[in-house]
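This is a predicted model, so every value here is computed, not measured.
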Amino acid sequence: MKEIEVVRPQTAEKLAEEALSGEVDAVVAFHDGDIRAALTTLLLDCHHLRLQLALSDKGRSRDMTGPTTDVEGP
């Protein structure tokens with residue numbers, strides 16, 4: 001039986017850092033080197049996306065509560 005390779009947390013962090021290094025540099029450069037401004041923008045994006053996801057989930061759960069009637073136009 002083939003052994004499954006387990007990625008240690010340190011290895012996973014290193015791989016993530018290498019994969020995102022260019023993107024991190026681009027975000028910081030976009031904010032003229034201001035790390036706080038870069039973090040603020042990313043956190044605002046996260047908040048916006050979480051709100052959108054919550055609204056989407058609420059809409060989906062409403063669709064599952066019962067039948068809906070479709071109104072057809074002329």
Side-chain angles (χ1 to χ4, degrees):
M1 190 167 169
K2 188 175 182 178
E3 194 173 315
I4 298 173
E5 183 180 339
V6 177
V7 178
R8 295 188 178 131
Q10 298 88 355
T11 305
E13 288 174 10
K14 184 178 178 184
L15 291 172
E17 185 178 327
E18 290 172 0
L20 296 175
S21 179
E23 290 184 56
V24 170
D25 292 343
V27 169
V28 173
F30 179 82
H31 290 87
D32 298 322
D34 186 344
I35 302 292
R36 189 171 183 84
L39 284 170
T40 300
T41 298
L42 293 174
L43 288 171
L44 287 171
D45 287 348
C46 286
H47 288 284
H48 173 74
L49 292 172
R50 286 182 179 154
L51 175 62
Q52 294 299 311
L53 183 60
L55 293 173
S56 172
D57 285 346
K58 190 173 186 177
R60 251 184 284 154
S61 67
R62 188 176 299 146
D63 289 343
M64 292 184 206
T65 58
T68 59
T69 57
D70 290 333
V71 178
E72 293 184 23

Engineer: May I ask you to decide if A37's main-chain N or O and T41's side chain share a donor-acceptor pair within less than 3.5 Å?
Structural biologist: yes
Engineer: Are V28 and L39 co-members of a hydrophobic cluster defined by side-chain heavy atoms under 4.5 Å apart?
Structural biologist: yes
Engineer: Please round to the nearest 0.5 Å and tell me the distance separating atom CD1 of I35 and atom OG1 of T40.
Structural biologist: 11.0 Å
Engineer: Would one find more than 12 heavy atoms of other residues, nucleotides or ligands at under 6.0 Å from atom CD of E17?
Structural biologist: no
Engineer: For the CG atom of L53 and the CZ atom of R50, what is their distance to the nearest 0.5 Å?
Structural biologist: 9.5 Å
